[in-house]
J.: 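Pasting in a structure now, in structure tokens, and then I'll have a few things to ask.
Values below: every heavy atom of this structure, side chains too, minus hydrogens, waters and symmetry copies. Ligands are counted one by one from 1 in listed order, and the atoms in each one are counted from 1 as well.
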Amino acid sequence: MSDTSRPRAVTSPVPAASAVGFGPLVAATLPLLRDWLPRQRWFAGKGHPITAITPVATTLLPGPTGLARGTGVLLHLLLRVDQHNASGGAPLNDIYQLLLGAHPDGLPGIGSDTAVIGRITSGPYDGLVTYDAAYDPALTRRLLALLSSPQRLGPLRFSTLGDRPPAPAAGRVGTAEQSNTSIIYDAGGPTDAAILKLFRRVSPGLNPDLELSLALGRAGSSRIPTPVAWFEAELPDAPDEAPATLGLLQHYMRAAEDGWELALRQIAMLDADPSRVGHFAAESFLLGRATADVHLALARSLPVAVLRRAEIEEMAEAMALRLDAAVLAVPQLAPHRSALRQIFRDLSASARDGLRLRVQRVHGDLHLGQALRSTRGWVLLDFEGEPAKTLEERRKPQPAVRDVAAMLRSFDYAAAHAVMAEPSVAAAWAARNREAFCAGYAATGAPDPTLDPVLLRAFETDKAVYEVVYEARHRPDWVSIPLTACARLAASVTELTESANGSVAPPLSHPTTPTIPREA
Ligand SMILES: Nc1ncnc2c1ncn2[C@@H]1O[C@H](COP(=O)(O)OP(=O)(O)O)[C@@H](O)[C@H]1O
Ligand SMILES: O=P(O)(O)O[C@H]1O[C@H](CO)[C@@H](O[C@H]2O[C@H](CO)[C@@H](O)[C@H](O)[C@H]2O)[C@H](O)[C@H]1O
């Protein structure tokens, strides 16, 4: 069927793109974005009034751009969003990535209300509906096509790895709760299936998710999904800086399940059968081993250093400052402030007693949802680090124990999130899995994280404090989970400090090694 014989979906006359260009389309969309952006999970500036939205780069992604033919337009936008800082700090001016779709009929066949930005009501594009084109399979197919060979398109630069370009496919947005947006292309065979993570808040410089995936790929690690391609842009405001990473295409592990879902399923069975309390421990042991494998590969591939007394004291002080900022943001934390500060002082005291810390590149935001159990074992995802931190902070070498502590928090989260008839069974489940994870970690020859409980507890506290703020901002119903953890950590202070004053702090008890299943 020729284009002219297609049934026309157009109800209002729309101009030929060549006649007016897409500037007016973008300009007419900007006011609609003021309401729409703060409703997106990935928008980092929630709660701060938007003062301006300015396009910093607009690129038409090639394809059958035919508004009049009902095929839709796909624009790649980088938008600078200026915001008044409602907390009194410096104004915010972040850059966000948006795939802007426009269609006379809205978003046909896509069941996502949040994707619709709004209808334009004046000017040359009057009547068009604009939307987040990540949700439009026909349009995201164009982005995948661009990722199949190295090329440039305006400010966008596409790079590929390996010799097998992704097969053409329509995309769908993943359903996982996430800080960015992932588009899954899995209509073809399992080896072709790919997932494209579109980074939403972008800044100049290599995103650690891309950087570490490439480093681990080069190191031959099987602990990550194979990277396939990526794209980036030189930001016009920062011509001298490294390009901003915009998206990473990886092999999609279709049959894999994430650790959070697996853990919740296990916990759900405990009510009926509390004797299953140790059933997940073998998996946690393997997950500990996978985490250590990643750490060992990163330490071989990227720079490492050793922190001495002054630097460790500085690190402990930074933790205390983050705690103070968190207390201001979430006053329920205030009753625990002084005990939690003691935890960081204990770390400084260890530094004065001669503690030395090896630092290296780490995951930076490890939790059960970032681990996939595939037929070939556990793989880790999302090496982006904590979304609220600057790229520079996230790319700094850190003690590997930071990831261990974060995963220990995740076992606690899973246990606390599950509604259990008998909370002590959930607590026992968390304890068993935390211990098994550490045992698996140490079984690789990597340093046993339980041997320095002062260090581990400081990192766990730092993470729990971060989580209090994260939950208060994003999921207020969940804030009691990290708050309870902070209360527990605070309560442990006297006990551990007294014991440490006696001689050495008590190590966590080691599990009896669980039966280890085959990973692949
Ligand atoms: N390679 C992959 N294979 C299968 N599922 C994946 C893959 N990468 C990501 N996912 C799924 O997408 C979710 C979000 O990915 P993630 O990288 O954590 O995004 P974000 O940084 O936006 O939170 C993951 O929790 C996982 O369920
Ligand atoms: O996955 P992201 O990189 O976006 O990380 C952020 O969101 C996480 C939640 O999705 C959040 O993790 C917290 O909740 C998890 C359960 O949903 C839990 O397993 C983690 O232990 C807990 O920290 C993460 O902190 C945040 O940065």
J.: How far is atom 1 (N) of ligand 1 from the closest protein heavy atom, and which atom is that?
T.: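 Of the protein heavy atoms, His251 O, 2.9 Å lies nearest.
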J.: Only one of Asn207, Asp382, Thr181 forms a side-chain hydrogen bond (donor to acceptor under 3.5 Å, both in side chains) with Lys197, so which one is it?
T.: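 Only one option passes, and that is Asp382.
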J.: Identify the closest protein heavy atom to atom 26 (C) of ligand 1: which residue and atom is it, and at what distance?
T.: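 Looking at atom 26 (C) of ligand 1, the protein heavy atom closest to it is Leu381 CD1, 3.7 Å.
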J.: Between ligand 2 and the protein, give all atom pairs where both partners are nitrogen or oxygen and the distance is under 3.5 Å, as lines of names plus distance to 0.1 Å.
T.:
| residue | atom | partner | partner atom | Å |
| --- | --- | --- | --- | --- |
| ligand 2 | 1 (O) | His367 | NE2 | 3.1 |
| ligand 2 | 1 (O) | Gln370 | NE2 | 3.4 |
| ligand 2 | 3 (O) | Asp365 | OD2 | 3.2 |
| ligand 2 | 3 (O) | Gln370 | NE2 | 3.2 |
| ligand 2 | 3 (O) | Asp382 | OD2 | 3.1 |
| ligand 2 | 4 (O) | Ser179 | OG | 2.2 |
| ligand 2 | 5 (O) | Asp365 | OD2 | 2.9 |
| ligand 2 | 7 (O) | Tyr470 | OH | 2.8 |
| ligand 2 | 14 (O) | Arg475 | NH2 | 2.9 |
| ligand 2 | 17 (O) | Arg475 | NH1 | 3.2 |
| ligand 2 | 17 (O) | Arg475 | NH2 | 3.3 |
| ligand 2 | 19 (O) | Ser410 | OG | 2.6 |
| ligand 2 | 21 (O) | Ser410 | OG | 3.4 |
| ligand 2 | 23 (O) | Glu467 | OE2 | 2.6 |
| ligand 2 | 27 (O) | Asp365 | OD1 | 3.4 |
| ligand 2 | 27 (O) | Asp365 | OD2 | 2.6 |
| ligand 2 | 27 (O) | Tyr466 | OH | 2.5 |

J.: Apply salt bridge (Lys or Arg N to Asp or Glu O under 4.0 Å) to Arg475 and list each qualifying residue two or more places apart in sequence or on a separate chain.
T.: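 Result, salt bridge (Lys or Arg N to Asp or Glu O under 4.0 Å) vs Arg475: Glu471.
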J.: Using a 4.0 Å heavy-atom threshold (strictly under), name the region of Leu372 that reaches ligand 1: side chain, backbone, both or neither.
T.: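 It is the side chain that gets close, since no backbone atom is under 4.0 Å.
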J.: So which heavy atom on Glu234 is nearest to which on Arg157, and how close?
T.: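 Nearest heavy atoms, Glu234 then Arg157: OE2-NH1, 3.3 Å.
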J.: So for ligand 1, is Asp382 a polar contact partner (N or O within less than 3.5 Å, distance only)?
T.: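 Yes - when backbone and side-chain N and O of Asp382 are compared with those of ligand 1, one distance drops under 3.5 Å.
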J.: Verify, without hydrogens or angle tests, whether Asp209 (side chain) and Phe383 (backbone) share a donor-acceptor contact under 3.5 angstrom.
T.: yes
J.: With respect to Lys197, determine whether any N or O atom, backbone or side chain, lies less than 3.5 Å from an N or O atom of ligand 1.
T.: yes
J.: Report the nearest protein non-hydrogen atom to atom 6 (C) of ligand 1: residue, atom name, distance rounded to 0.1 Å.
T.: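 For atom 6 (C) of ligand 1, the nearest protein heavy atom comes out as Ile195 CD1, 3.8 Å.
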J.: Tell me the protein heavy atom at minimum distance from atom 3 (N) of ligand 1, and give that distance in Å.
T.: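 Checked against all protein heavy atoms, atom 3 (N) of ligand 1 sits closest to Met253 N, 2.8 Å.
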J.: Taking 4.0 angstrom as the limit and counting only heavy atoms of Pro225, give me the atoms of ligand 1 inside it, by number and element.
T.: 1 (N)
J.: Please identify each residue that fulfils salt bridge (Lys or Arg N to Asp or Glu O under 4.0 Å) with Arg276, with sequence neighbours left out.
T.: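 Partners of Arg276 by the salt bridge (Lys or Arg N to Asp or Glu O under 4.0 Å) criterion come out as none, since no residue qualifies.
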J.: Which residue supplies the protein heavy atom nearest to atom 5 (N) of ligand 1, what is that atom called, and how far is it?
T.: Tyr252 CE1, 3.4 Å
J.: Taking only Lys NZ, Arg NE, NH1 and NH2, and the carboxylate oxygens of Asp or Glu, determine whether Arg373 and Glu257 approach each other closer than 4.0 Å.
T.: no
J.: Applying a heavy-atom cut-off of 4.0 Å, say which part of Asn180 lies close to ligand 1: side chain, backbone, both or neither.
T.: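 The part of Asn180 near ligand 1 is both the backbone and the side chain.
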J.: Looking only at distances, can you tell me whether any N or O atom of Gln370, backbone or side chain, sits closer than 3.5 Å to an N or O atom of ligand 1?
T.: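 Yes, at least one N or O pair falls under 3.5 Å.
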J.: Going by the rule salt bridge (Lys or Arg N to Asp or Glu O under 4.0 Å), which residues pair with Arg394 if we only count those two or more places apart in sequence or in a different chain?
T.: Glu384
J.: Nearest 0.5 Å, please: how far is CZ in Phe280 from CZ in Arg265?
T.: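 Between atom CZ of Arg265 and atom CZ of Phe280 there are 9.5 Å.
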J.: Please could you name the atoms of ligand 1 that Glu384 approaches to less than 4.0 Å, counting only its heavy atoms?
T.: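 Under 4.0 Å from Glu384, ligand 1 has these atoms: 21 (O).
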J.: Taking atom types as modelled, find out whether Glu392 and Thr390 have a side-chain donor-acceptor pair closer than 3.5 angstrom.
T.: no
J.: Classify the angle between the aromatic ring planes of His417 and Trp260 as parallel (below 30°), tilted (30 to 60°) or perpendicular (above 60°).
T.: tilted
J.: Could you check whether Asp412 pairs with Lys463 (Lys NZ or Arg NE/NH1/NH2 to Asp/Glu carboxylate O, under 4.0 Å)?
T.: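 The answer is no: the pair does not qualify as a salt bridge.
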J.: Among all protein heavy atoms, pick out the one at the shortest distance from atom 13 (C) of ligand 1; state its residue, atom name and that distance to 0.1 Å.
T.: Ala176 CB, 3.6 Å
J.: Taking N or O atoms only and a 3.5 Å limit, does Ser179 qualify as a polar contact for ligand 1?
T.: yes
J.: Between Arg41, Glu257, Gln178, which one has a non-hydrogen atom sitting closest to atom 20 (P) of ligand 1?
T.: Gln178
J.: Is it the case that atom NZ in Lys389 sees more than 12 heavy atoms from other parts of the structure closer than 6.0 Å?
T.: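 Enclosed: over 12 neighbouring heavy atoms sit under 6.0 Å from NZ of Lys389.
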J.: Side chains of Ser492 and Arg457: do they bring a donor and an acceptor to under 3.5 Å?
T.: yes
J.: So is Gly369 touching ligand 1 or not, going by heavy atoms under 4.0 Å?
T.: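 Distance cut 4.0 Å: Gly369 passes for ligand 1.
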J.: Is it the case that over 12 heavy atoms from other parts of the model lie below 6.0 angstrom from the CZ atom of Arg201?
T.: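 Atom CZ in Arg201 is packed in, count exceeds 12.
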